[in-house]
Amino acid sequence: MRPFTYTRAETLEEAVHAARREGSRVLAGGTTLVDLMRTDVMSPDHVVDIGRIAGLDRIEHDGQVLRFGALAKMADVAADAVVRDEYPVLAESLRRAASQQLRNMATIGGNLLQRTRCPYFRDGVSPCNKRVPGSGCGAQTGPHREHAVFGGSDACIAVYPGDFGTALAAFDATVDLIGVEGTRTLPFAEVHTDVLDRPEVETTLRHGELITRVTVPVTPALRRSAYVKVGDRAGYSFAIASAAVGLDIRDGVVADARVALGGVAPRPWRSAAAEAALIGKPFTTDLAKEAGVAAFADAAPRKDNLVKVALGKRVVEQACSTAYCRGDL
């Protein structure tokens, strides 16, 4: 780990002022940044610790929206009685994301901004346009089983690793931000960028800008929801494919459907095709299968990651059936 300077911010104003400094990085729970610093994949000149700023760890729900402070711990949100009992997709995506020890430390804001687990990015030596722009993408010619089947480019096919972000993408969440230019609110769907030709730019946050809060509107589909994930281990591993699904069923017919995919694209991937396949039709097991097929109809797998398409279809199907069977909570 290379030498760096350090600020422990006590207020948002202090954090924003320190984070605007060139070469700075923000530290919350530290479960991603510290690992990357130890291997010199990231080498900030200055670290801004925001973990002790008061009031950013609140969990609020009023029946209309859910609000999570950026410093709320993943474990606390997953264990919150209202989230756990009434909004299962959110609790499940958090519980499936990591071990209890990591969830006790990792924050909501930091989790949403975590860096890819692409081995070419993290080994520190392979060609990687995210780590060293212009150096190439090792996954294009090397093994790429874990890589994207949607949204990649010749510059990068790494995938976004988060589970909670996949759930948020399905349910029109927003994030509140603060920076030197003031505050603003973004749809969560606009936080992460498509790869295109600049894979090193992963989000639309401005330099020094911080997430302060996540808001999720409450809908019938959020209440009747499920998160299903397939990884290499039955325990905690990053998704080969995952799906967050919510259904609003009225008189047996799908009135509204929300489907987002994880582990398959450079950002959380909302599937309009799967939603269109579901909406307006009586729910059946065959319809769940149709949704899975529709979700991956436009996938562009390579030779090593064809498995993502096969598993992804099944994951969507299972998430649809699980959400349906939950009925009205």
To check you understand the geometry: which heavy-atom pair defines the closest contact between [X] and [Y], and what is its length?
X    : Y    : result
L247 : F283 : CD1-CE1, 3.9 Å
I240 : L311 : CG2-CD1, 4.0 Å
V245 : A323 : O-CB, 4.1 Å
N111 : Y160 : O-OH, 3.8 Å
P268 : A169 : CB-CB, 3.7 Å

Are any of the side-chain nitrogens in [X] or [Y] under 4.0 Å away from the carboxylate oxygens of its partner?
X    : Y    : answer
R198 : E200 : yes
E181 : R206 : yes
D172 : R258 : yes

According to a hydrophobic-cluster definition based on side-chain heavy atoms being under 4.5 Å apart (Ile, Leu, Val, Met, Phe, Trp, Tyr only), do [X] and [Y] belong together?
X    : Y    : answer
F171 : V214 : yes
V230 : F238 : no
V254 : V293 : no

Sub-4.5 Å side-chain heavy-atom contact between [X] and [Y]:
X    : Y    : result
R131 : D123 : yes
R117 : T32  : yes
I157 : N305 : no
V34  : L27  : yes
T166 : L261 : no
S24  : H207 : yes
S225 : Y87  : no
K303 : H144 : yes

Other residues, nucleotides and ligands only: do more than 12 of their heavy atoms fall within 6.0 Å of [atom1] on [X]?
X    : atom1 : answer
R58  : CZ    : no
D194 : CG    : yes
R314 : CZ    : no
R122 : CZ    : yes
R25  : CZ    : no
D298 : CG    : no

Go through the structure and list residues passing side chain to side chain donor-acceptor pair (under 3.5 Å) with D163, not counting sequence neighbours. Y227, K229

For [X] and [Y], indicate whether the former's side chain and the latter's backbone hold a donor-acceptor pair under 3.5 Å.
X    : Y    : result
H192 : L112 : yes
E14  : E10  : yes
Q318 : V315 : no
Q140 : S153 : yes
D49  : T7   : no
T322 : A319 : no
K73  : G29  : no
S242 : A239 : no
D45  : F4   : no
H46  : P44  : no

Rounded distance [0.5 Å steps], CG in L222 versus CG in L66: 6.0 Å

Under the side chain to side chain contact (heavy atoms under 4.5 Å, CB included) criterion, do L168 and L90 qualify, and how do the steps go? CA-CA 8 Å; L168 295 184; L90 302 180; 4.3 Å; yes

Residues which pass salt bridge (charged side-chain N to carboxylate O under 4.0 Å, His left out) with E13, listed by chain and number, not counting sequence neighbours: none

Show your reasoning for whether salt bridge (charged side-chain N to carboxylate O under 4.0 Å, His left out) applies to R326 and E92. CA-CA 14 Å; R326 283 184 166 148; E92 288 169 352; 2.4 Å; yes

Side chain to side chain contact (heavy atoms under 4.5 Å, CB included) evaluation trace for M74 with F164: CA-CA 9 Å; M74 291 172 62; F164 189 54; 5.8 Å; no

Any chance you could lay out the side chain to side chain contact (heavy atoms under 4.5 Å, CB included) test for I108 and L94, step after step, and finish with the verdict? CA-CA 9 Å; I108 290 297; L94 289 166; 4.0 Å; yes

Checking side chain to side chain contact (heavy atoms under 4.5 Å, CB included) for the pair L12/L56: CA distance, chi angles, key distance, verdict? CA-CA 9 Å; L12 275 172; L56 290 186; 3.9 Å; yes

Looking at D176, T204, T174, T203, which hits side-chain contact (heavy atoms from CB on, under 4.5 Å) with L186? T204

I want to know whether F296 and F150 have ring centres closer than 6.0 Å. yes

